K.L.:
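What follows is a structure written as structure tokens; I'll ask about it next.
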Number of protein chains: 2
Amino acid sequence: MAQKIKLSTIGEALGVSTATVSLALRDSPLVAEATKEKIKAHARQMGYIYNRRAASLRTSKSGIIGVVVHDIMNPFYGEILKSIETELDRSRHTFLLSNHYDNVDKQRDFLDTLMQLGADGVIMSPAIGTPIEDIDLVLRNGLPVVLIARSIPKASLPVFRGDDSFGIGLATRHLISLGHKRIAMIGGTDDTSTGRDRYQGYLTAMKKAELAVKPEWRIPGPRTKQAGFEATGEFLALPDKPTAAVCWNDLVAIGLMNGIARAGLTPGTDISVTGYDDLEEAAIATPALTTVWNGQPEVGRRAARALLDRIDGVSDQSGTLELIRPELHIRQSTSPVKERA
Amino acid sequence: MAQKIKLSTIGEALGVSTATVSLALRDSPLVAEATKEKIKAHARQMGYIYNRRAASLRTSKSGIIGVVVHDIMNPFYGEILKSIETELDRSRHTFLLSNHYDNVDKQRDFLDTLMQLGADGVIMSPAIGTPIEDIDLVLRNGLPVVLIARSIPKASLPVFRGDDSFGIGLATRHLISLGHKRIAMIGGTDDTSTGRDRYQGYLTAMKKAELAVKPEWRIPGPRTKQAGFEATGEFLALPDKPTAAVCWNDLVAIGLMNGIARAGLTPGTDISVTGYDDLEEAAIATPALTTVWNGQPEVGRRAARALLDRIDGVSDQSGTLELIRPELHIRQSTSPVKERA
DNA sequence: CGAAATTTTTAAACAGTTTAAAATACTTTT
DNA sequence: AAAAGTATTTTAAACTGTTTAAAAATTTCG
């Protein structure tokens with residue numbers, strides 16, 4: 001490259017001070033219209049590129065927002081990310097993305113990088129077991145933090161997520177209303193608030209309907225298609241074989257349906273399956289998946305807005321929990337129970 | 001937050017100059033061992049955070065690497081991204097990610113942001129129709145660029161991608177060897193090099209086997225499950241109904257298989273289907289998908305390494321094309337043709 | 001002409017890194 | 001034991017590009 005064009009390069013070329021150039025390029029009313037025009041034209045023509053690091057050294061605003069999730073390849077987070085992206089684009093912020101894969105150290109490294117870069121704020125779905133000190137350090141360095149999808153115990157932060165126990169209740173009651181009495185719950189673990197909430201929601205719905213629940217009916221596990229697929233064996237071998245399965249999420253449900261089909265049964269007819277999240281994929285699965293919409297676009301949009309408000313000092317750092325209300329979307333993976341009761 | 005800890009804060013507390021502190025924290029041999037220890041301990045204890053923007057202003061190295069792809073929610077890119085992430089983590093670089101959704105303006109905005117932030121380099125799968133000037137501007141600003149998955153006509157840049165026409169040939173010949181004579185090609189468009197290469201590869205394989213190809217057998221379209229699903233109607237209504245379909249990628253293939261199943265036919269038995277990429281998902285689809293492994297981890301790893309080499313000045317900016325050799329993975333979605341010929 | 005308003009410039013941050021030079025310590029040599 | 005020479009440690013000043021408050025210069029207007 002040729003030599004770098006900076007404010008002073010332009011200033012010298014035009015015989016004005018760098019301050020004037022800086023002001024002009026940012027459209028300050030302090031500079032005469034004619035001067036502005038001349039400066040802007042010259043800057044464009046010389047191929048000037050604004051140096052954000054120099055500016056942010058002075059202003060301590062970097063325009064960078066960090067986003068940390070478990071895994072961007074998980075479409076649930078992908079859909080949230082998409083709405084965050086839309087919202088941040090609008091306000092000309094750039095986002096730095098990282099997966100933590102539920103590794104607290106990796107997450108801490110990334111938070112550290114954000115602080116070093118002088119990020120303006122963080123949106124995160126915290127790794128399982130995130131110590132409160134890690135978050136406190138970030139807050140003490142002046143970065144507002146908002147959480148999505150998961151809460152951190154004892155932390156007083158804004159959280160945006162779906163109402164899990166209500167949502168899983170919708171799915172469970174739907175199966176009950178179709179006459180199912182033996183319903184399993186596949187996937188998820190108890191080490192996140194979401195995990196506990198969903199299991200509780202399922203238990204509550206079963207109890208309300210006065211249905212017995214066997215502990216073996218819960219097959220915990222990761223939240224992936226692979227895991228759902230692999231759980232099939234255990235599920236089909238269950239004593240008092242359940243006629244339906246409430247799955248942790250759509251991925252697990254789709255994996256389970258694939259497994260069921262592979263075993264020669266027909267998912268949706270022989271065994272009813274519900275998902276959770278309502279990913280775009282749910283509608284085109286075979287059979288189309290009955291699932292609970294978990295408000296991904298809402299979560300992303302509102303979390304981004306909340307963070308921007310906090311960055312602008314419009315709002316404070318208090319710990320509000322905003323639960324998005326899930327909706328049941330009934331499709332073909334659930335049907336009335338087959339067996340003669 | 002309390003007041004910011006900077007090098008001079010530490011220096012004052014210990015009665016040494018900031019230069020010494022800077023040197024000590026970077027483990028320079030110019031500082032006595034004992035002094036180093038004392039300084040490091042103090043820095044840790046005071047909660048010092050390295051200010052990368054201040055440093056990079058002087059050193060013009062930011063540690064940021066930009067990555068631009070079509071859509072991170074597409075698992076094909078997701079898998080590449082994962083291996084890029086692994087490779088960059090190793091060298092303590094942070095990556096800034098962006099989707100361009102094949103929108104040249106959005107891509108240009110992002111490249112502009114990267115230059116403003118003083119990024120060290122860019123890995124990109126360029127948007128369709130990327131003008132060469134957009135890339136030249138980046139190069140002139142001193143950022144090395146390497147491409148993945150797609151080439152840019154006339155640009156002399158390093159490119160890492162699979163050998164498309166060879167790969168699609170593997171799939172097509174496999175179907176031919178199973179006795180299929182009427183083979184359709186679903187998905188993809190002619191506006192990318194990949195699109196053209198794959199279609200050509202299919203045509204070449206058919207021609208070599210002396211099989212006729214009807215132009216209607218090609219159903220172009222987006223590269224998503226949704227698109228594959230929606231193409232089913234047109235595919236099943238084709239004159240001289242093909243007995244097999246070579247799909248643009250796994251997503252299209254899975255969508256098509258879902259569509260076929262929805263229409264009451266059995267994919268893999270009634271109609272053979274091949275995918276492309278060999279996503280993790282391909283193995284657990286129903287039926288398990290015969291597909292062409294496209295070397296995602298290799299592409300990501302080598303692109304990242306090449307970029308880092310260029311950043312370090314080890315290697316130059318010349319335009320090498322590195323084709324990763326695809327492999328055919330045979331599973332249950334393909335079987336011998338059913339009809340009596 | 002002088003006051004007020006408008007426009008431009010100056011100079012000091014911002015928080016680090018770099019490097020030549022100064023200061024100090026340690027060996028040798030006589 | 002002092003002087004000279006060498007090696008180690010530390011310092012001071014320059015440098016990165018932009019912003020901004022305050023000062024200075026210029027123009028406008030009554």
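Protein chains get the first letters and strands the later ones, always in sequence-line order, with residue 1 at the start of each. Just the heavy atoms: all of them, side chains too, but no hydrogens, waters or symmetry mates, feed the values below. Bear in mind that the values here come from a model prediction, so they are computed numbers and not experimental data.
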K.L.:
Is a side-chain donor-acceptor pair under 3.5 Å present for B:Arg26 with B:Ser22?
P.N.:
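B:Ser22 vs B:Arg26: donor-acceptor pair found between side chains.
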
K.L.:
Would you tell me whether B:Tyr101 and B:Asn99 have side-chain atoms, one donor and one acceptor, within less than 3.5 Å of each other?
P.N.:
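Present: a donor and an acceptor within the cut-off.
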
K.L.:
Can you check whether B:Ile64 reaches A:Arg53 side chain to side chain, under 4.5 Å on heavy atoms?
P.N.:
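Of all side-chain heavy-atom pairs linking A:Arg53 with B:Ile64, none is under 4.5 Å.
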
K.L.:
Using the heavy-atom set of chain A and a strict 4.0 Å cut-off, write down the first and last nucleotide of DNA chain C that makes it in, 5' to 3'.
P.N.:
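Nucleotide range in contact with chain A: C:dT7 to C:dA15.
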
K.L.:
Kindly determine whether A:Asp105 and A:Arg108 satisfy salt bridge (charged side-chain N to carboxylate O under 4.0 Å, His left out), including the steps that lead there.
P.N.:
CA-CA 5 Å; A:Asp105 294 324; A:Arg108 186 172 18 238; 2.6 Å; yes

K.L.:
Between residues 7-20 of chain B and DNA chain D, which residues have a heavy-atom gap below 4.0 Å?
P.N.:
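The answer is B:Val16, B:Ser17, B:Ala19, B:Thr20.
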
K.L.:
Of all heavy-atom pairs between A:Gly121 and A:Leu307, which one has the smallest distance, and what is that distance?
P.N.:
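Scanning both residues, the minimum pair turns out to be C-CD2, 4.0 Å.
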
K.L.:
For B:Glu298, is the CD atom crowded, meaning more than 12 foreign heavy atoms sit under 6.0 Å from it?
P.N.:
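Count over threshold, so yes.
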
K.L.:
How about A:Ile65 and A:Leu88: do any of their side-chain heavy atoms sit closer than 4.5 Å?
P.N.:
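SC-SC contact between A:Ile65 and A:Leu88 confirmed.
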
K.L.:
Would you say the side-chain atoms of A:Ser83 and A:Gln296 include a donor-acceptor pair closer than 3.5 Å?
P.N.:
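Per modelled atom types, A:Ser83 and A:Gln296 side chains form no pair under 3.5 Å.
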
K.L.:
Taking the side chain as C-beta and beyond, is there a heavy-atom pair between B:Arg161 and B:Leu323 under 4.5 Å?
P.N.:
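In contact.
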
K.L.:
Write down the atom of A:Val31, the atom of A:Lys36, and the distance for their closest heavy-atom approach.
P.N.:
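Minimum heavy-atom separation between A:Val31 and A:Lys36: O-CE, 3.4 Å.
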
K.L.:
With the threshold set at under 4.0 Å for non-hydrogen atoms, list the residues of residues 32-55 of chain A touching DNA chain D in residue-number order.
P.N.:
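The stretch gives A:Tyr48, A:Tyr50, A:Asn51, A:Ala54, A:Ala55 as the residues lying under 4.0 Å from the strand, ordered by number.
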
